[in-house]
Structures are given as C-alpha cells and as structure tokens.
Amino acid sequence: MTDRSAPGGRAASAPLVGRDSEPTIFELSRPGRASWQLPTTGIPETPLEDLVPDNHRRDAAVDMAEVSERDLVGHFTRLSHRQYSVDLGAYPLGSCTMKYNPKVCDAVAALPGLDSVHPGAPAALTQGWLATLVELEEALCELSGMAAATLQPAAGAAGELTGLLLMRAFDAARGEQRRRVIIPDSAHGTNPASVTLGGYEVTTVKSDERGCVDIDSLRDALDDDVAGMMLTNPNTLGLFEEDIVEIAASVHGVGGLMYYDGANLNAILGVVRPGDMGFDIVHLNLHKTFATPHGGGGPGAGPVAVAPHLTEFLPGPRPVRLDDPDGPSFGWQTPARSIGRVHGWHGNALVLARALAYIEVHGGDGLLRVAERAVLNANWIRTRLHGTFDVPFDRPCMHEVVFSAAALHRRTGASAHDVAKGLIEEGFHPPTVAFPLIVDDALMVEPTETESYETLVALADALERVAARAEGGQLSGSPRTTPVRRVDEARAARTLIPTFDARR
Ligand SMILES: Cc1ncc(COP(=O)(O)O)c(C=O)c1O
C-alpha cells in the first residue's frame with residue numbers, strides 16, 4: 001500500500017511530475033488542502049444526525065483527494081498533454097469518423113435554457129426544448145428519407161438494437177416469428193452483436209471481388225425466415241453498394257426489412273437518402289456525422305428513423321407537434337404499439353442539441369459540402385498512397401479507404417499494427433487496423449471532411465516515412481517517443497497491474 005506522505009513511493013524530494021510519469025490525484029493529496037471555498041450562509045448548521053437517519057449514514061468520511069486549485073489544474077493539464085484528440089490534429093480512425101467538431105455546437109449545448117433544464121420539467125415549461133427535439137427529428141427524417149424517428153438511443157449500437165426490436169415488433173404484429181437477419185461479411189462488429197442481442201440469428205453473406213454484397217450469396221440466403229438485412233452504405237470498405245436497389249428489392253421480396261447502419265452518413269449527406277435506396281429502418285450516429293466529439297466512451301446519440309409502416313412501433317414517449325390552437329405547441333405522445341423506452345428521459349439531450357446546431361449552421365448546401373469533402377479527402381489519400389500500400393478494392397471510394405499492409409508485412413515483417421504504432425511517433429493518431437476482417441493487414445483511413453489539404457499532405461508524408469522505416473527494418477518497438485511506449489495490447493487489457501492502491 002502506498003504511503004501518502006511519500007507520494008507514489010517516491011523519495012519526498014523527488015519531482016512529482018516528469019515526462020514519463022504523472023502521479024495520481026491521490027498522490028498529490030495533502031491533508032487540509034482544498035481547491036474550493038464555500039461561502040457561509042448565516043443559517044445555523046443542523047447536526048447531521050438530525051438530517052440523516054443512523055442507518056443511512058457512512059461510518060467513515062469519504063476518501064477524497066485534498067489538493068489546491070493550482071495542483072488540480074496542473075495535474076489535469078499535464079494529463080491532457082499526454083493525450084491525442086480531435087482538437088489536436090488529424091485522427092484518421094476509419095469507420096469511427098473522428099472529425100473536428102465546430103465549437104459553435106458546444107456553445108449552443110451550453111446555453112442555460114438548454115443545459116440547465118431538468119428533464120422532468122413539465123411540457124408547458126419546456127416548449128423550447130421540445131421544439132428543438134421535434135425540429136431535429138424532422139431534419140433527420142428529411143436527410144434520411146424517413147417518416148418519423150426516435151431520438152432516445154444513446155449510441156449507434158443502441159440504435160441497432162432498437163431497430164432490431166422494431167423488426168421483431170413488426171414481425172409479431174403480422175403474426176410471424178422470423179428467425180434470421182442477414183449481414184455482409186464486411187459489416188461492423190456491432191451489427192452481428194446487435195442481431196444476437198435482438199434475439200435473431202446472424203446469416204452472413206459474402207462480399208464479391210468489388211468489395212460489395214455478392215448478389216448470388218444474398219439470393220441463396222433469402223427465404224421467408226429472414227426478418228431483414230443490415231447494411232451500411234457506403235459499406236465498411238468505404239465503397240458504395242451499387243446494387244442497393246436490387247438488394248433492397250430482393251429482401252423486400254421475401255417480406256424482410258432493410259436496416260441502414262447510418263454510421264457512415266457523412267459520405268452521402270444531401271446526395272442520396274437511405275429511404276430512397278429502399279431502407280425501412282435507419283440509425284444515425286449523431287456523434288460521428290453531426291458534431292459531438294466522441295471516443296473515450298461517449299456520450300453519443302443514435303436516433304432511429306423509420307418508414308411509415310413502422311412508426312406505430314417507435315419507442316415512446318416522443319416529442320411531437322400538437323395541433324390544438326389553444327394549447328401548447330409541443331407535447332409528448334407514445335405510439336400505439338410502442339416497443340417502450342430504450343433510454344431514460346429524452347436520450348442524450350445535449351448531443352441532440354449539438355446535432356441540430358450543426359445542421360442549422362451548415363444548411364442544406366453546407367451538408368452537401370461535408371459529404372463532397374469527406375469523399376474528396378479520402379480519394380486524395382487513396383491516390384497519393386497507392387503504391388506505398390496495396391489497395392485491395394482499387395476503385396473510387398467514399399469517405400474512407402482501406403489499404404492493406406500485407407505485402408509490406410511479408411517483405412519486411414512490419415504489420416499494419418506496426419505501421420499504426422509508427423504513425424503515432426509522427427504525431428498523428430493511427431488509422432483503424434485489422435478491420436474490416438476480410439482485408440489482411442487492413443489499414444482503414446478516414447481523413448474526414450474537416451482536414452485541410454496541408455494536413456492531408458502531412459499525413460500522407462508521415463505514412464510514407466513510416467513505410468520507408470518498415471522497409472529499413474526500423475519499425476519494431478514503435479512508438480518510443482510517447483509517454484506510454486509499446487504495450488502488449490492483449491496483456492494490457494487482461495492483466496492489469498495497478499501501480500497505486502487507493503485504499504488506505
Ligand atoms: C459502421 C458502424 N456501425 C456501427 C457503429 C457503432 O456505433 P457506436 O460506437 O456509436 O455504438 C460504428 C462505430 O464505430 C460503425 O463504424
């Protein structure tokens with residue numbers, strides 16, 4: 001156990017901070033220090049015993065770190081300098097859309113009229129909030145070509161589960177109990193997980209040599225036991241499913257529903273709508289496309305929008321426009337055959353407010369530019385790094401491009417993983433590696449629409465230098481210049497070695 005009088009087990013005179021180490025906040029703690037001061041109220045203090053019954057009182061005081069404001073700010077500032085973030089630079093983590101998020105959206109979410117309202121406040125007092133939610137729902141429906149949406153799901157995967165529960169409700173309402181949901185072999189890992197969680201079996205269909213759904217494999221999988229198909233378009237190889245109309249018709253032909261995984265919507269915003277492609281259910285990752293910084297675990301929002309034949313099953317209660325001329329303009333309603341709640345209150349409300357701000361600030365033309373630039377930037381990177389890495393599906397891509405480091409790996413022993421680690425030393429966040437699973441040594445680069453030409457050049461230069469280091473046999477053991485060096489990722493996750501014991 002650590003002796004707190006000698007922080008972190010260090011000699012009392014040793015510097016507390018350094019490039020390689022930062023003590024925990026508890027190690028900085030000294031009895032009696034505080035970074036706050038409460039004004040006196042003038043009201044006589046009531047003894048704790050009179051306020052809280054015996055059996056609800058703690059036996060001992062809560063063990064909190066006691067630090068001055070100076071030490072507190074220094075600690076967290078130093079920690080923040082050891083992080084990489086979307087505000088710091090390019091973050092080409094394919095499929096995750098880690099883009100810079102405009103600060104105006106944060107400013108809107110921080111407005112007191114939005115962030116200080118209790119979610120349980122009555123509708124009559126929260127007409128502004130309800131208007132915000134209804135306007136967002138309408139905007140998302142317009143962008144996705146759907147009839148109505150729920151804003152409750154807390155993330156993309158939560159949206160997927162909601163969509164599958166809607167499929168089940170739809171099936172049950174028509175007196176059926178279909179068992180299977182089809183997904184392509186390039187799908188994001190959350191898709192099969194959600195299918196299983198939703199109570200269905202996964203049927204996987206192959207991708208063809210163009211990286212798209214193999215139509216013959218799909219036809220073989222279709223029968224009246226299929227509840228639906230989950231697809232993202234552009235798919236997780238960054239390629240547009242050109243046969244989408246035929247795919248949707250085939251699935252509808254056996255009575256199945258089409259589910260659109262909208263995590264990749266920034267590639268098609270304002271260009272084409274999932275509803276027009278034949279999808280019935282769509283989830284939208286607001287934290288990817290619509291300006292909420294994510295990574296590190298949230299918060300997110302994954303609204304689910306549906307076609308007219310599914311609106312009666314949506315989670316409730318939903319914020320809606322009311323048409324009583326004498327009453328409030330907005331209120332709450334639960335759809336007739338609602339699947340129930342999928343989140344407390346209104347979902348992650350401030351993420352929703354940010355998304356509406358993003359849509360309003362951009363307007364229709366601006367959103368179209370988002371998609372155009374996302375696609376342009378990815379194709380620029382694809383063309384520039386062609387030859388440095390292999391491009392397994394070598395044709396124009398959408399918002400992301402999947403390279404393969406397999407040939408480099410065979411030649412030099414350096415894997416996609418090593419390339420990613422090497423890029424950290426160049427001052428960039430690594431791309432996604434080893435996904436999609438159908439590409440060996442995959443390096444999935446999503447530059448996003450927010451990065452400038454100069455940043456793209458710097459990123460491509462950096463990736464070329466990393467490849468050259470691999471050719472020279474100099475990549476193993478990277479990164480060496482970061483606060484945390486190369487870790488064994490499996491062991492780091494499974495065998496935690498705590499260096500500080502917070503118990504006394
Ligand atoms: C294609 C795709 N689908 C679904 C998800 C899941 O979204 P979330 O992380 O918000 O649960 C992601 C996340 O990266 C994704 O890229």
Side-chain angles (χ1 to χ4, degrees), residues 86 91-99 101 140 144 150-165 181 183-198 202 204 207 211-213 228-241 244 258-269 274 279 281-305 342-343 347-348 351-352 354-355 374 378 397-402 429-439 442-448:
V86 287
Y91 206 126
L93 193 67
S95 200
C96 293
T97 315
M98 299 296 289
K99 64 183 185 181
N101 301 125
L140 296 179
S144 58
T150 171
L151 305 176
Q152 284 184 19
E160 290 171 22
L161 178 60
T162 305
L164 286 150
L165 295 178
V181 172
I183 55 174
D185 59 3
S186 63
H188 191 263
T190 50
N191 291 182
S194 300
V195 168
T196 308
L197 213 57
V202 174
T204 308
S207 300
C212 291
V213 170
M229 176 172 197
M230 289 184 92
L231 204 60
T232 177
N233 197 14
N235 64 26
T236 41
L237 290 162
L239 302 172
F240 193 80
E241 295 282 353
I244 187 60
M258 287 293 290
Y259 181 99
Y260 184 86
D261 172 343
N264 298 332
L265 200 76
N266 57 330
I268 60 164
L269 269 184
F279 285 92
I281 309 173
V282 176
H283 90 250
L284 304 167
N285 279 29
L286 299 190
H287 45 294
K288 296 188 200 301
T289 308
F290 298 100
T292 285
H294 65 291
V304 173
V342 295
H343 196 290
N348 283 339
V351 178
L352 304 175
R354 276 190 186 86
C397 59
M398 298 293 285
H399 62 307
E400 61 196 4
V401 51
V402 179
H429 193 282
T432 296
V433 292
F435 175 76
L437 299 176
I438 55 173
V439 173
L443 284 165
M444 188 191 220
V445 180
E446 181 177 6
T448 82

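Remember, it's 1-based here, ligands and their atoms both numbered in the order they're listed. Worth saying up front: this structure is predicted, and the values here are computed from it rather than measured.
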Minimum-distance protein heavy atom relative to atom 14 (O) of ligand 1: K288 NZ, 2.9 Å
Nearest heavy atom to atom 5 (C) of ligand 1: which of M98, H188, H287 does it belong to? H188
Is the shortest side-chain heavy-atom distance between M444 and L93 below 4.5 Å? no
If hydrogens are left out, which of T190, N235, D261 has an atom nearest to atom 6 (C) of ligand 1, that is, the closest non-hydrogen atom? T190
In terms of ring plane angle, is the pair Y91 and H429 parallel, tilted or perpendicular, where the classes change at 30° and 60°? parallel
Below the 3.5 angstrom mark, is there an N/O of N285, backbone or side chain, next to an N/O of ligand 1? yes
Report the part of A263 (side chain from C-beta onward, or backbone N, CA, C, O) that has a heavy atom under 4.0 Å from ligand 1; answer both or neither where that applies. side chain
Polar side chain donor-acceptor pair, E241 to N233, under 3.5 angstrom: no
Consider every N or O of S95 and every N or O of ligand 1, then say whether any pair is closer than 3.5 Å. yes
For atom 8 (P) of ligand 1, which protein heavy atom lies nearest, and how many Å away is it? G156 N, 3.5 Å
Any side-chain donor near an acceptor of the partner, T204 and D185, under 3.5 Å: no
Would you kindly say whether S95 and E446 are connected by a side-chain donor-acceptor distance under 3.5 Å? no
Just checking, is any N or O donor in the side chain of T232 or N264 under 3.5 Å from an acceptor N or O on the other one? yes
Quick check: does A155 get an N/O under 3.5 Å from an N/O on ligand 1? no
Using distance alone, decide if ligand 1 has a nitrogen or oxygen within less than 3.5 Å of any nitrogen or oxygen in A158. no
Do T448 and H399 have side-chain heavy atoms sitting under 4.5 Å apart? no
Does the side chain of F290 reach to within under 4.5 Å of the side chain of N285, using non-hydrogen atoms? no
What is the nearest protein non-hydrogen atom to atom 11 (O) of ligand 1, stated with its residue, atom name and distance? A157 N, 2.8 Å
E160 neighbourhood, listing ligand 1 atoms whose heavy-atom distance to it stays under 4.0 Å: 3 (N), 4 (C)
